[in-house]
Amino acid sequence: MSKITVKFIMEEGCDDLRPAKAHEDDAAYDLRSRVDITVHPGKVTLIPTGLHIELPVGYEAQVRPRSGLALKHSIGVLNSPGTIDAGYRGEVCSILFNFGETPFEIHRGDRISQMVIAALPDVEMVPADTLSETGRGTGGFGSTGRK
């Protein structure tokens, strides 16, 4: 697999929050909060990371939940995965949701989500009059299992 280059800059005073992998073979980069903030039960909270990226055309960044926060604290990324397009140059933020019953305190520097850089296929959407038949057909929304 060939290596790509993703340029990044950090907000002033946020160099200590640079995205990093905990292990060389990890799929995702940890994203850290640049603020102290509380995510209240049943509420959505936008968490800034101080990170700005420049992705090559043909790539996206996906912001995903951290499994430990999900399991231990019921914290998830609401629009998981959140997509960052190649043309976006604003601050990368995580949209966190507290699915639990107690407030969750986030402190500056806490790992709040993870970011995967993914290649996008070159796709052409083509209008058609019909689509091929399949065993599933139009069944969806629980049609293949327990409802």
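Every heavy atom of this structure was used, including side-chain atoms; hydrogens, water molecules and symmetry mates were not.
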>> Test of understanding: clusters of I, L, V, M, F, W, Y form through side-chain heavy atoms closer than 4.5 Å, transitively. Do Val44 and Val77 belong to the same one?
In response: no
>> Please check this pair: side chain of Asp30 against backbone of Arg111, looking for a donor-acceptor N/O pair closer than 3.5 Å.
In response: no
>> For the CD1 atom of Ile84 and the CD atom of Gln62, what is their distance to the nearest 0.5 Å?
In response: 9.5 Å
> Which atom names give the shortest non-hydrogen contact between Ile112 and Leu69, and what distance separates them?
Replying inline: O-CD1, 3.6 Å
> Which heavy atom in Pro65 sits nearest to a heavy atom in Ser80, and how many Å separate them?
Replying inline: CD-OG, 3.1 Å
>> Leu17 vs Thr49, test: side chain to side chain contact (heavy atoms under 4.5 Å, CB included). Steps then yes/no.
In response: CA-CA 7 Å; Leu17 305 176; Thr49 67; over 6 Å; no
>> Under a 3.5 Å distance rule, please check whether Arg32 uses its side chain to pair with a backbone N or O of Gly109 as donor and acceptor.
In response: yes
> Do side-chain atoms of Ser33 reach the backbone of Val35 as a donor and acceptor pair under 3.5 angstrom?
Replying inline: yes
> Do Met115 and Ile53 have side chains that get closer than 4.5 Å, going by heavy atoms?
Replying inline: yes
>> To check you understand the geometry: which heavy-atom pair defines the closest contact between Thr5 and Pro56, and what is its length?
In response: O-CG, 3.5 Å
>> Could you see if Tyr59 belongs to whatever hydrophobic cluster contains Val63? Use Ile, Leu, Val, Met, Phe, Trp, Tyr and a side-chain cutoff under 4.5 Å.
In response: yes
> Tell me, do His52 and Glu11 make a side-chain contact under 4.5 Å, heavy atoms counted?
Replying inline: yes
>> If I compare all heavy atoms of Leu31 with all of Pro19, which pair ends up nearest, and what's the gap?
In response: CD2-CB, 4.3 Å
>> How long is the straight-line distance from CD1 of Ile4 back to CD1 of Ile117, given to the nearest 0.5 Å?
In response: 6.5 Å
> Looking only at atom types and distance, does a side-chain atom of Ser94 sit under 3.5 Å from a main-chain N or O of Leu96, one as donor and one as acceptor?
Replying inline: no
> Could you walk me through whether Asp26 and Lys21 pass the salt bridge (charged side-chain N to carboxylate O under 4.0 Å, His left out) check?
Replying inline: CA-CA 6 Å; Asp26 284 352; Lys21 292 182 177 184; over 6 Å; no
> Any donor-acceptor pair under 3.5 Å linking the side chain of Arg89 with the backbone of Ala86?
Replying inline: yes
>> Please give me the minimum heavy-atom distance between Cys93 and Leu46, naming the atom from each residue.
In response: CB-CD1, 3.5 Å
> So if you build clusters from Ile, Leu, Val, Met, Phe, Trp, Tyr with side-chain heavy-atom gaps below 4.5 Å, do Leu55 and Leu51 land together?
Replying inline: yes
>> Just verifying a value: how many Å separate Phe104 CZ and Ile75 CD1, rounded to the nearest 0.5 Å?
In response: 5.5 Å
> Can you tell me how far NZ of Lys72 sits from OG of Ser67, rounded to the nearest 0.5 angstrom?
Replying inline: 8.5 Å
>> Testing the basics here: between Gly50 and Glu91, what is the closest heavy-atom pair and its distance to 0.1 Å?
In response: N-OE2, 2.6 Å
>> What I want to find out is whether Asp16 reaches Arg108 closely enough, with some N-O distance under 4.0 Å, to be called a salt bridge.
In response: yes
> Linking I/L/V/M/F/W/Y whenever their side-chain heavy atoms sit closer than 4.5 Å, directly or via other members, would Val92 and Met10 fall into one cluster?
Replying inline: yes
> CZ/Arg66 to CG/Asp110 distance, rounded to the nearest 0.5 angstrom?
Replying inline: 9.5 Å
